[in-house]
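Data first, discussion second: the structure below is written as structure tokens.
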Amino acid sequence: MNMRCFLSILLLLGVMVGQRQACGFSLAGSPPAWYTDQTGRSLIADVYGPMNLGEEYRWAVPQIVYAFDESFLNYFGQRGVDEIEKAIKILNDLPPMSDVDLNAYPTFSMRVNHRARDLSLFDIKSFTLQILLEQMGLATSTRFTHTLRIRDTPPNATNYLVVMRNFDPVTWEPTAYVNGQLWTYVSIYDNQDDPDTKASTIPEPVDPLVLAEPAAATVPNFAPTLFGFGSYFTGLTRDDVGGLRYIYRPENRNVEVLPTDATGGTGVFIGGGGSGSWTPIPSPSTNAPTDPNVPGGGPVFYAQGIRGGVNRVQWVRAGPGVVYQPLGYQVTNRFSEQVTVVITNGVQRSISQSVVRVLTAPDILFVASDLAGPTTPGGMRRTDNSTSNDAINGALALDGPGTIDGPGTIEFTKVGLSYFNSQPSLLSQPASTDPFTRLLVWGAFDGTTNDPVIFPSGKSIRDVEEAVFGGR
């Protein structure tokens, strides 16, 4: 090798080492007023909408309490619970956001189990991971790298304004990259007769050979996605963690109100509206701060205040038994926090206070429901758990920031193997091998040689093979 060639290789390696991976994340929150069926919103499927920087939605508490109800256990059994727990463990294993090293995470983590794909199985663990990331404030990056903001129809024309709602996890600048993949939109869909989405960008990767979903924060069937039958995630990607770091880092300070089930030390309660009305609260906490501006100078609990991100969110399964029962459910959760409050004459003071939450329902409840119908695409349904705090964060009207709070539900369909037939083109018999006529069946699988597990609990692979392939 001559010296010139050697130096060229060294220069190329230097550029590759010094080049930062192009990445991006999107934020989810209460749908903005501009986000309608004319600008890409699915009236059937979308619970949240894309948010701008500084308008993020997040949990204001460090622990999210979850549970399973009888319907989930009856259909999915203990193996279904185990798969949900695997998804939650991926999130719970994250370090505090102040300690995160983004370079420790891969730029994609999607794999394919080919037998599960042939059987039209959806991995419930991976699906749950996607939904939980959405419930923590992340939206589908590939969908919102370019999204419609305005559809305008002056005489003899139709004009569109396209904006970017995908951001670099390091610089926070708008970007069309997601974990190193460049995304664009090939055209704009516009069908005013569509009862669901009337206009939207149609995103796709620039590289036609992209075969894997670039980020786990992608809700399947609600956006163009490469995640499908037989797909599963091995963990979070760089952009997933980068988005969570942006949302929950301690330096990200917003005015927030704690959940209504949160109380503090005995004394008086300063309500979320800051009206100054004092209400006694029975709480076992003993280290509440004192405020000389409160009559008697007694201990006081601040539900509203300027809070940084909680740094680390943990999902906790808690309750009086294995199955959630509405009657008599009570979980007590305690934590300490640092909050900045505004006292008399606009003076700010940073205080530490203990918080006690007495939950009479879990923050997130996993259930199984009969969701057959046109209003439940993807075989699942979840509640909108977002509340905008724009009114207490500034004088200018924005779309956030806000908080995510329970109680809420995540429902999985228990309809089982079913087929889609449509006149005139898709009237083939149920035994057709056309994958577009087969709808979702929940399964559990990974990259091992183990046979996939098929739900409902106790259903065999032979049953599904006979239904899918007609016994051939």
Side-chain angles (χ1 to χ4, degrees), residues 22-36 39-41 46-62 96-98 100 102 133-141 143-150 161-178 215 217 238-258 272 274 304-313 337-342 348 350 384-405:
C23 298
F25 65 88
S26 294
L27 301 168
S30 185
W34 59 265
Y35 188 53
T36 70
T39 53
R41 182 178 183 182
D46 280 335
V47 170
Y48 301 109
M51 313 306 297
N52 207 343
L53 288 178
E55 300 174 356
E56 65 279 348
Y57 282 63
R58 66 190 185 190
W59 293 81
V61 296
M97 295 297 100
S98 56
V100 160
L102 295 185
L133 286 171
E134 183 192 49
Q135 291 290 352
M136 292 183 70
L138 291 182
T140 304
S141 297
R143 181 182 182 186
F144 297 122
T145 53
H146 302 88
T147 186
L148 288 187
R149 177 61 188 267
I150 296 175
L161 175 65
V162 177
V163 297
M164 301 180 73
R165 285 295 178 265
N166 187 57
F167 307 99
D168 187 287
V170 177
T171 67
W172 304 342
E173 296 176 356
T175 177
Y177 282 90
V178 181
R238 187 180 191 272
D239 280 1
D240 298 317
V241 180
L244 292 175
R245 183 178 70 169
Y246 171 83
I247 297 171
Y248 291 100
R249 69 193 192 282
E251 299 81 11
N252 188 3
R253 296 166 63 81
N254 298 326
V255 180
E256 293 175 335
V257 181
L258 290 175
Q304 177 177 310
I306 304 172
R307 292 179 168 85
V310 296
N311 202 22
R312 190 180 191 189
V313 177
E337 67 166 4
Q338 194 78 17
V339 59
T340 299
V341 297
V342 179
Q348 292 187 1
S350 181
D384 178 0
N385 299 325
S386 62
T387 300
S388 175
N389 290 330
D390 171 53
I392 58 176
N393 270 273
L396 184 65
L398 299 173
D399 296 318
T403 50
I404 303 172
D405 187 17

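Remember, predicted model here, so these are calculated numbers, not experimental data.
By the 4.5 Å heavy-atom criterion applied to side chains, N252 and M97 are not counted as neighbours. Counting heavy atoms from C-beta on, the side chains of N385 and Y48 come closer than 4.5 Å. P401 places none of its side-chain heavy atoms less than 4.5 Å from the side chain of Y57. Two residues are said to be in side-chain contact when any heavy atoms from C-beta on lie closer than 4.5 Å; I392 and V257 meet this criterion. The shortest side-chain heavy-atom distance between I247 and L138 falls under the 4.5 Å cut-off. Between L244 and L133 there is a side-chain heavy-atom pair separated by less than 4.5 Å. Contact annotation: the side chain of L102 approaches that of V241 to within less than 4.5 Å [non-hydrogen atoms, C-beta and beyond]. Residues V341 and I306 form no side-chain contact, since every pair of their non-hydrogen atoms from C-beta on lies 4.5 Å or further apart.
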- Show your reasoning for whether side chain to side chain contact (heavy atoms under 4.5 Å, CB included) applies to Y246 and L53. CA-CA 9 Å; Y246 171 83; L53 288 178; 3.6 Å; yes
- Task: Before giving the answer on side chain to side chain contact (heavy atoms under 4.5 Å, CB included), spell out for T147 and T39 the whole-Å C-alpha distance, their side-chain angles and the decisive distance to 0.1 Å.
- Result: CA-CA 7 Å; T147 186; T39 53; over 6 Å; no
- Task: Show your working on side chain to side chain contact (heavy atoms under 4.5 Å, CB included) between V255 and N389 and close with a plain yes or no.
- Result: CA-CA 7 Å; V255 180; N389 290 330; over 6 Å; no
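Using modelled atom types, no side-chain atom of R149 and backbone atom of V163 make a donor-acceptor pair closer than 3.5 Å. Looking at D240, its side chain does come within 3.5 Å of a backbone N or O of A217 through a donor-acceptor pair. Panel note: side chain W59, backbone G137; no donor-acceptor pair is recorded below 3.5 Å.
Among residues two or more places apart in sequence or in another chain, the salt bridge (charged side-chain N to carboxylate O under 4.0 Å, His left out) test is passed with E337 by R307.
Side-chain atoms of D399 and Y35 form no donor-acceptor pair, as typed in the model, at a separation below 3.5 Å. A side-chain N or O of S98 and one of N311 form a donor-acceptor pair less than 3.5 Å apart. The closest side-chain donor-acceptor pair between Y248 and E56, if any, does not fall under 3.5 angstrom.
When every heavy atom of F167 is checked against every heavy atom of M51, the shortest pair comes out as CE1-O, 3.7 Å. When all heavy atoms of R253 and T340 are compared, the closest pair comes out as NH2-OG1, 2.8 Å. Shown here for S141 and V178, the closest heavy-atom pair between the two residues is CB-CG2, 3.7 Å. Smallest separation of non-hydrogen atoms from D168 and V170: OD1-N, 2.7 Å. Nearest heavy-atom pair across V100 and R245 is O-NH1, 3.9 Å. Of all the heavy atoms in D384 and S386, the pair that sits closest is OD1-OG, 2.6 Å.
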Contacts table for residues 23-31: side-chain donor-acceptor under 3.5 angstrom, sequence neighbours left out:
unit_1	atom_1	unit_2	atom_2	d
S26	OG	R165	O	2.8
S26	OG	N166	OD1	3.3

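Within the model, atoms CD of E256 and OG1 of T387 stand 11.0 Å from one another, a figure rounded to the nearest 0.5 Å.
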